[in-house]
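Below is one structure; the comments refer to it alone.
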Amino acid sequence: MIFTSSTVRYDSSEFTRGYSYTLDEDVLLLEIRDIPESTDLVFLVERDRQDYHLVPETEEAQEELGELVLSPMQDD
């Protein structure tokens, strides 16, 4: 996932998708607006050293992206 100040891009081998997001304390809310009914994906954010684990808090979040780990980019 690539974060800017208000959007995030998720790249996988199958697709690329963009989201608007908000962060409140330890909860990340991704907003999906490209489907007939807007859906919010809610994740609990847990820090583990330099990594952040995004744990799905809703069924929609689990189905759409599952559990994610954000790590700092490594320079090659």
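Residues passing the side chain to side chain contact (heavy atoms under 4.5 Å, CB included) test with Glu64, sequence neighbours excluded: Arg17, Tyr19, Ile32, Leu41. Residues passing the side chain to side chain contact (heavy atoms under 4.5 Å, CB included) test with Val69 are Asp51, His53, Ser71, sequence neighbours excluded. Ser6 meets the side chain to side chain contact (heavy atoms under 4.5 Å, CB included) test with no other residue; sequence neighbours excluded. Under the side chain to side chain contact (heavy atoms under 4.5 Å, CB included) criterion, Leu23 pairs with Leu28, Val45, sequence neighbours left out. The side-chain hydrogen bond (donor to acceptor under 3.5 Å, both in side chains) search around Tyr21 returns none, not counting sequence neighbours.
Placement of Leu54 and Leu29 in two distinct hydrophobic clusters is found when ILVMFWY residues are connected by side-chain heavy-atom separations under 4.5 Å, directly or transitively. A continuous path of ILVMFWY side-chain contacts below 4.5 Å connects Leu68 to Val8, so both sit in one hydrophobic cluster.
Atoms CG and CD, on Leu30 and Glu60 in that order, are 12.5 Å from each other to the nearest 0.5 Å.
Using a 4.5 Å heavy-atom cutoff, the side chains of Glu57 and Phe43 are not in contact.
Within the structure, the salt bridge (Lys or Arg N to Asp or Glu O under 4.0 Å) test picks out no pair touching residues 19-28 (sequence neighbours left out).
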For Thr7 and Arg9, run side-chain contact (heavy atoms from CB on, under 4.5 Å): C-alpha distance rounded to whole Å, both residues' side-chain angles, the deciding distance at 0.1 Å, then the answer. CA-CA 7 Å; Thr7 61; Arg9 188 180 80 222; over 6 Å; no
